[in-house]
Structure formats: C-alpha cells, structure tokens
Protein chains: 2
Amino acid sequence: MSNPPKSATHKRARRVKLADVATAAGVHYSTVSRVLRPGFKGRISDDVAERVRAVARELGYQPNAVASSLRTQSTRSIGLIVHDMNDPIYPPILSGIESVLSPDGYAVLVGNTGYGADAELDLVNRMAARLVDGIFLATTRLKDPAVERCVQLGIPLVSVLRQTESGTTPAVMNDCFRGMEALTSHIIDAGHRDIAAIIAPQDLSTAQERWQGVQSAMRKHGLDLPEHRIARVSRMSTEEGERATKSLLDAATEPPGVIICVNDLVAIGAIRACRLSGLDVPWDISISGYNDIPLMDMINPPLSTVHMHLDKIGKAAGEMMLEYLANPELPARTQRFKPEVILRGSLQGVHPQG
Amino acid sequence: MSNPPKSATHKRARRVKLADVATAAGVHYSTVSRVLRPGFKGRISDDVAERVRAVARELGYQPNAVASSLRTQSTRSIGLIVHDMNDPIYPPILSGIESVLSPDGYAVLVGNTGYGADAELDLVNRMAARLVDGIFLATTRLKDPAVERCVQLGIPLVSVLRQTESGTTPAVMNDCFRGMEALTSHIIDAGHRDIAAIIAPQDLSTAQERWQGVQSAMRKHGLDLPEHRIARVSRMSTEEGERATKSLLDAATEPPGVIICVNDLVAIGAIRACRLSGLDVPWDISISGYNDIPLMDMINPPLSTVHMHLDKIGKAAGEMMLEYLANPELPARTQRFKPEVILRGSLQGVHPQG
DNA sequence: ATAACTTGCACAAACGTTTGCGCAAAGCTG
DNA sequence: CAGCTTTGCGCAAACGTTTGTGCAAGTTAT
C-alpha cells in the first residue's frame, strides 16, 4: 500500500490524475474530464456526474494545468514585460492587471528587461515558448521589434502606458501630451519664463509626448527653450535625474527658474542635485515631475506633477486583454486616460490645491 | 504551399515543431531533441548535430515549453506570493529573485493575496496545478496552512522576509528583533521616555519580532509601555497607520514623545495623522519606521528607520531556491540579514548620520 | 413492433516533448 | 578475421489532458 520509506526521501507526492478518479468512480477517464470541465453541459447523467465529483473531491483531484495546456493550446497565463519592477509606476499596473485576470484563472508572468532592448525581444520569445495567451508590453518603443514579433507569432498584445509610432497596437495609456501641456501652461501662467526641461529618449511615446507637450505649451505662449536649458537622461531614474540636473546647472551661470522633469523619479534626482548645489526648492528653483507616484505629497517639497491613474490603466489593460483574448479579430483600439495636473509646493508661484 | 487567405483571419501561426526540423534535416525527431537539449553530450555525430542546428535556426524553431514540461515534470517556473505588489517592500524582492532565476531559464509567476489568508492557500493550489517548480512565500504567517500545503505537495518553498513559528521552513529574512531593538535603544538613548508603539498582527514573524525588539530594549532600560501607548493596525499600510495614530492621540491628554511604528508605511500614516492634529514632527512628536523603503530620506521629515537590504534578501532567496531545486533533501536553513539602523530627522534628539 | 432519434458513456487519437531501449554499423582486440 | 565494445541514430512509450467519434442502450414516433 504505502511505498517503503526510502531513507528520508520525501519525494514529490504523486499527483492524483484523471485516471485515478475514473477508476475510483468506475467510469472512463474521459467522463471524468467532461464532468469536471467548467462549462460542462454535455451528455452525462446527473448521478454519474455527482459520483465523479464526490470522488474527485475526496481524492483531492486537481487538474494538471500543463497537460491541459498542451491539449488545449492555451496556458491561461499572460506575460507582463516591464523595464524594472522597482520603478513605482509598475506595481499598480501589475496589481490592476492581476485583479482583473486572476478571477478568470489567468496567471501573470513578470519579466524585467533591465532597460535592454534585446532583453525585451528575448523575453517575448521566452514567453512565446511558454505559450502565454497574451502579453502586456509596458516597454513599448515607437519602433519596437518585440511588438512585431508578437504580431508575427500571433500573440495578442496590449501595450501599456506607451504606444508604437503606427498606433496600430491595442494600447491603454495616459494622454501624456495633454498632461504635460497643461502642467507647463500652469507653470507659465505662474510667471515662470526661464524654463528648463529634462527629457528622456524619444523612442518612448511617453517621453516624446511629454516633450512635445512642453514645447506646445511654450510655443502657445510665445516662449522658446534654448539648447542650454535642455538636458537628457538615458532613462527615467533618480540617478539620471541628478546627473542631468547637474549638467543643466553647469551649462549656464544662472540656474533656470524651473526645471520640468519628464517624470517624478527624475524630479527627485533634480531636487537632490539642486540641494547639493545649495539651491532651495522652490525658493531658488522650481521643479515639476510626472506620474504622481506614491509619496509625492510627502516629500520635501511636495512635488507638483501629473497624476496618471495607474491603477485604472492597469485594470483597463486587463479588461482590454480579455476582450482581445475572446475575439482576436477585434481592431486595435487605443484607450487614453485623462491626466490630472497636481499642483504642490515644488513650484514657486502656483497655488497648491487641497 | 500557403494556406488560402481565410478572410482577414490572421490565425495564430503554426509553430515549428521538432518533427518539422527533423524532416527538414532528414533525421528522426528524437535526434533533433537530443541535439537541441542543453547539456547534450550524447551519441550524435558532429556533422548531424551541426546540420540539425542549422536547420533549426533557419526554421526559427523554438521548443514548446508546455510539451517539454509535461514530459519532464518541470515547468521551470516558480511562484512568488505577496500581499500586494503595491507595498514597496516587494518590488526589490521580485527583482532580486528574477535576476537570479531568469538566467537559468526560470519564469516568475506573481500572485497577490490582497492580505487574504484563504487567497494565500488558493494561490498555492493554483500554482501547484501549474506545476511550478517552487514557491516563494512572502506572506508566511507563524502558523500557515499554505506552508503546510506546500510541504504536503512536496513543492520546494522558500519563505521570504518572514518565518513560521517552528522555523522549519527554508527562509531568508531580516533580523527584525535586533533591528528594532537597536532602533529603540537609540531612541531611548536620545532621551525619549514617553514612548508609544504601533504594532501589527502578531501572526507575522516580522511584526512579532519587531514588537519583541521594542519590548526588549525598553525592558533593558527599565522602561514600561502602558496599554494606552500601544495601538494596533490590521495591516501595515499608511491608512491603518493614520487611523492607529489618531487613536493613540485620542487615548491620552498628552501625546507621546515618540511613536515607534512597525514599518515605514505605517510611519507615513502616523506623520499624516500628527500633522492633521496640528503636531509638528519632530518638534512636537518623534516618529520612526522600519524597512527604509525608497524616498524615506526625501520625505518631510526624513524618516528614521531600519534598512532591510531588500535587494540582497531577494537575491539570496533566489539563490537559496536554486539550491533547494538542485537538492530537495537539503535541511531547512534560515538566512538572516543584518539590519542597519538609519537615523534621520524624524527623531528629536538623535544625531542623523551622513 | 419497427424505425428513427436521443442519451450516456467508452474509445482512442491527438497535443509536442524526452528518453530508455534496440539495433545496425563501425572500431577495436588478439 | 572472429568476437567484442563502442558509436550513432531510429523506435516508441510515456507525460495527463481534451474532444471527435462510435456504439450500445433507452425513448419516442409510426
């Protein structure tokens, strides 16, 4: 009955499978499968179904998802590709996605690219090998081989936060252009004229749209941004923000009146750099961010920024994925969430709300 | 040659499989498998191997991980169960784990329990059904059915951050007792005598150890903590911290001199609550946290706390998992990282470092 | 009572791998 | 050159499901 105690070898307990339930219930294993499949309405008598269910429960049967996947060609798992989970914009996205997909039995596979373009493609390939049912790509660049690869492989793809140049990918995003344009307008309206900007690589739609938003607002107000008031970061991190800010401050004898940062992390770095240079924020220099990641109201000074509704974006992305999974023929749709300007103490001259 | 264009139906492209490569290379598909398996040193002639590899590359063959898993009974995927990815302690853990496991071809499945005990067990079951090779449990309670279930199922388990009562689970954690004891000692040494504490449910080792650390330090200094200086949170969140702090302030006519919070998020809530009550931190009241999550040096006031080295814990957990995967018979080992007290402006009377 | 359905279940073929085994051909030993 | 060992590869059986088909019963219609 019990296997001989092979030393302390507590080997992986043999799982109960369909056949075990079947023999115990005295039916064929295909019958067990039909009974246990969700959405079973087939031609099985009630008493057999009940008996099978009872036996299955008693034996603690749990279907082997791998075998099921092999047969059905669906793993009920989806991938999420991000730059780095340590960037605070991603956890709410993950949570949102998970909260929508998990009730439907989907599992989420997370992959960090570490900001590497080849890592991105590699992750898509590895996820494809795992037969994920779909992929959320949060690292989408304007021209992105990873997107093309998904299309080529026929894997449903939902781009999160960002969009490709062609705009032909299903996507859920924030309207970064309007957000940054509105924020910049507020800054100008507050009287700022000597404006600097820290911008990010323009191969990401977020970075591009925000930069265009800044430019648009300034143009509308007849202002210009000289080259020495522009700094570039290689990625949106505090370290890069700090470095870029130093270079901005070094590029001219007088510091700018305000630095518009491509996102909050960069803004944090900017605040650090300013402080190290002996500049007080906001008395000597103003700073703004983008995203409104957690705690931006608690830092010193509280950061003016643009709220993204990341949780809503995550949920919406999850729902959009479900739609495309149900109907892959659906035309690509881009859903944009309205950004919300948040004015706080880091900007001299504006009137902080609530 | 090409299939007729079935309307606009861009169906999922048929994947190239072993058999396709085999016929193209003029060998049996088992041979292809042998050639392509990593660690192939079997009895295949060099020229056949080369030919097969060439054909495989040309056809863009990628092995079907699901089929492979079914056969090998290993999915090369591992689960990570957390309360909520939005808690900033988890992303570094995830990143650390992923950075160690991903090079070995493992994928990470993330599950949020939403602080639900039954959700935890459910997640374990769902991951077990997916035949994960191992599970990281970051939600481990002192008595945890999920842990028992893993043991019962024979699934390698590494507990992260927390430990069970018996201590028989492989675990990587911070020494919360010493960390909190040291921090409390600093606080007492700074002259604080009217101390309050916000503690969390004692079914988590982290919460328990920290509370014991506070008590130990106070006992050593001959101090006592009256009941009205103790508040409890149901979970370690800012909201709960705010609520608990209010109740603390309401419980006595005079506010305490310092509130020792079970973690940083709770401390953030405490700062908010104090501010709302018109108390200045740290002039009217001091506050400390635990974890040293990002930005704790940037908030107002900078938070005194204990640094956890979460990234190291994540990496160590990953490495420990690899060990147990390679050798499941290994006795359970608990690895503890040394905490580091970080003194900042939120504590009146201490001397902030660097 | 016979024909034509319907119902309830068993049969068996996939899904795409991995891997023990078998068997030729080739290489070696004496 | 006979006998033995090694080498190189094909064969086929798993792994645990899902699902189309088949075939006895049972049911209804004529």
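Chain letters run A, B, ... following the sequence lines, proteins first and then strands; every chain starts at 1.
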Inset, instruction - Grab the CD-P distance between A:Gln73 and C:dT17 for me, whole Å please. - result: 10 Å
Inset, instruction - Measure from CD1 on B:Ile44 to P on D:dG10 and round the result to the nearest Å. - result: 8 Å
Legend entry - Nucleotide C:dC15, atom P - distance to CG of A:Leu18 in whole Å: 19 Å
Legend entry - For atom CZ of B:Arg37 and atom P of C:dT17, their distance in whole Å: 9 Å
Legend entry - OP1 or OP2 of C:dC9 under 4.0 Å from side-chain N/O of A:His28: no
Inset, instruction - Describe the nucleic acid contact of B:Val66 in one word from base, sugar-phosphate, nothing, applying a heavy-atom distance below 4.0 Å. - result: nothing
Legend entry - Gap between atoms OH and P, on B:Tyr29 and D:dC9 respectively (whole Å): 17 Å
Legend entry - Length of the CG-P vector between A:Asp20 and D:dG16, whole Å: 9 Å
Legend entry - Whole-Å gap separating C1' (C:dG16) and CZ (A:Arg130): 16 Å
Inset, instruction - Give the rounded distance in Å between these two atoms: CZ of A:Arg51 and P of C:dG8. - result: 14 Å
Inset, instruction - With heavy atoms under 4.0 Å as the rule, sort B:Ser33 into base, sugar-phosphate or nothing. - result: base
Inset, instruction - Return the 5'-most residue of the pair B:Ala67, B:Ser30 with respect to DNA chain C, ranking by each residue's nearest nucleotide. - result: B:Ala67
Inset, instruction - Classify the side chain of B:Thr31 versus the base of D:dC9 as yes if they form a donor-acceptor pair under 3.5 Å and no if they do not. - result: no
Legend entry - 5' priority, DNA chain D, between B:Asp47 and A:Tyr61 [closest heavy atom]: B:Asp47
Inset, instruction - Decide yes or no for A:Tyr61 and A:Leu18: does some side-chain heavy atom of the first lie under 4.5 Å from some side-chain heavy atom of the second? - result: yes
Inset, instruction - Would you state whether a donor and an acceptor, one from the side chain of A:Arg71 and one from the base of D:dG20, lie under 3.5 Å apart? - result: no
Legend entry - side chain to side chain donor-acceptor pair (under 3.5 Å) contacts in which one or both residues fall within residues 134-146 of chain A, not counting sequence neighbours: A:Glu120-A:Thr139, A:Glu120-A:Arg141, A:Thr140-A:Ser159, A:Arg141-A:Asp144, A:Lys143-A:Glu165
Legend entry - Steps toward salt bridge (charged side-chain N to carboxylate O under 4.0 Å, His left out) verdict (B:Asp47, B:Arg51): CA-CA 6 Å; B:Asp47 53 341; B:Arg51 181 152 43 99; 5.8 Å; no
Inset, instruction - Kindly say whether, by distance alone, the side chain of A:Arg34 makes a donor-acceptor pair under 3.5 Å with the base of D:dG20? - result: yes
Inset, instruction - Begin from the C-alpha positions of A:Glu98 and B:Val110 and carry the test side chain to side chain contact (heavy atoms under 4.5 Å, CB included) through to its verdict. - result: CA-CA 9 Å; A:Glu98 214 237 358; B:Val110 177; 5.8 Å; no
Inset, instruction - Using only heavy-atom distances, determine whether the side chains of B:Arg15 and B:Asn64 contain a donor-acceptor pair under 3.5 Å. - result: no
Inset, instruction - Ignoring backbone atoms, test whether B:Thr72 places a side-chain nitrogen or oxygen under 4.0 Å from the OP1 or OP2 oxygen of D:dC15. - result: no
